[in-house]
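Whatever order the structure lists ligands and atoms in, that order sets their numbers, starting from 1. In this text, all values refer to a predicted model and were calculated from it rather than measured experimentally. Values reported hereafter were calculated over all heavy atoms of this structure, with side chains retained and with hydrogens, waters and symmetry mates removed.
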Amino acid sequence: MKTLVLANQKGGVGKSAVSTLLSHYIAGRGKRLLAIDLDHQGNFSKPLKLSGRAELSSFSSSAILTGAVEELPEQPFVLIASDRILLGLERQPELHTPFARSFRSFLARVDAQFDLCIVDTNPNPDIRVISALASADFVLSPIQLNQEAMDGVSGLLNHERVGLRKIKSALNPKLNLIGLLPTLVEATPFQRANFVQVIQHYQHLMIPVGQQVGQFAYIPRRSSIAESQASGELLWEMKKSPAREAWKEIEPGLARIFDILMGEEWSYGAAAR
Ligand SMILES: Nc1ncnc2c1ncn2[C@@H]1O[C@H](COP(=O)(O)OP(=O)(O)O)[C@@H](O)[C@H]1O
Ligand SMILES: [Mg+2]
């Protein structure tokens with residue numbers, strides 16, 4: 001089992017939407033998937049529950065850190081939903097090391113049961129995010145092309161506690177950054193200018209798709225994506241043509257990420273290695 005963590009210290013950048021889209025995509029391609037929601041807001045848990053595709057575990061995600069886990073259902077797509085207990089974990093610093101250890105040993109315990117584990121995280125740089133990053137194989141960072149995009153990427157790499165460089169050097173040398181995934185992308189002059197700036201500085205962290213140079217994976221801002229998050233419907237099964245068009249735009253990027261997760265190929269993220 002490979003573990004992918006979706007992480008960015010900013011809220012509202014589309015982490016949970018990307019986690020959901022990617023989960024359905026991966027399950028749809030026949031892989032055994034474990035979905036873990038570490039954000040008490042539950043924006044990954046809700047659409048997966050509503051979709052009816054994932055089997056709910058008997059315990060929620062705080063139990064992974066506190067070590068109170070039980071057996072998982074023997075199903076190909078399992079969700080460990082979030083809970084409010086997650087909120088209190090940061091306030092128990094004496095238990096942080098045991099929390100991170102429990103998370104790691106849980107992943108080891110379910111290793112043979114799944115092909116992939118996707119962990120959606122909360123924006124605050126706390127012990128939940130650290131535990132997930134400390135045990136993951138891959139991290140994917142949705143970013144929004146707003147004013148603070150550049151600062152955001154710098155924080156992602158260099159934050160003193162959860163920055164990827166720090167995590168890699170201090171806790172988890174095997175962690176690989178799949179890349180930056182621009183989300184909520186709009187064809188405005190402002191976003192274009194920011195996109196150019198991000199590419200100029202961080203091209204090596206973008207996820208190339210297609211045959212042409214300069215094409216990178218991204219997720220456009222589309223109301224059908226927000227609707228599918230709210231209703232639990234799978235984007236590509238929605239009847240309306242805007243949803244199908246949105247899916248067409250997104251699919252190549254998800255396919256690329258899938259190939260990276262499942263294959264051995266590896267060439268990105270040099271700066272964070
Ligand atoms: N590509 C998108 N197009 C339109 N709305 C989106 C898109 N991605 C996310 N949203 C909506 O934006 C809000 C924030 O997204 P979310 O995935 O919850 O962000 P995060 O997990 O980073 O806090 C949600 O209401 C979600 O439905
Ligand atoms: Mg979220």
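Taking 4.0 Å as the cut-off between side-chain N and carboxylate O, Lys240 and Glu233 do not count as a salt-bridged pair. Using a 4.0 Å cut-off between a side-chain N of Lys or Arg and a carboxylate O of Asp or Glu, Arg244 and Glu251 do not qualify as a salt bridge.
No donor-acceptor distance shorter than 3.5 angstrom exists from the side chain of Asp120 to the backbone of Asp39, with no hydrogens or angles considered.
Protein residues with a heavy atom under 4.0 Å from ligand 1 are Gly11, Gly12, Val13, Gly14, Lys15, Ser16, Ala17, Asn43, Leu184, Ile219, Pro220, Arg221, Arg222, Ile225, Ala226, Gln229.
Side chains of Ser131 and Leu65 form a contact here, defined as non-hydrogen atoms less than 4.5 Å apart.
Take Phe190 and apply the ring pair (Phe, Tyr, Trp, His ring centres under 6.0 Å) test, not counting sequence neighbours, and it matches no residue.
Among the atoms of Asn43, no N, O or S atom is found under 2.8 Å from the Mg ion (ligand 2).
Ser16 and Asn43 share no side-chain donor-acceptor pair at under 3.5 Å.
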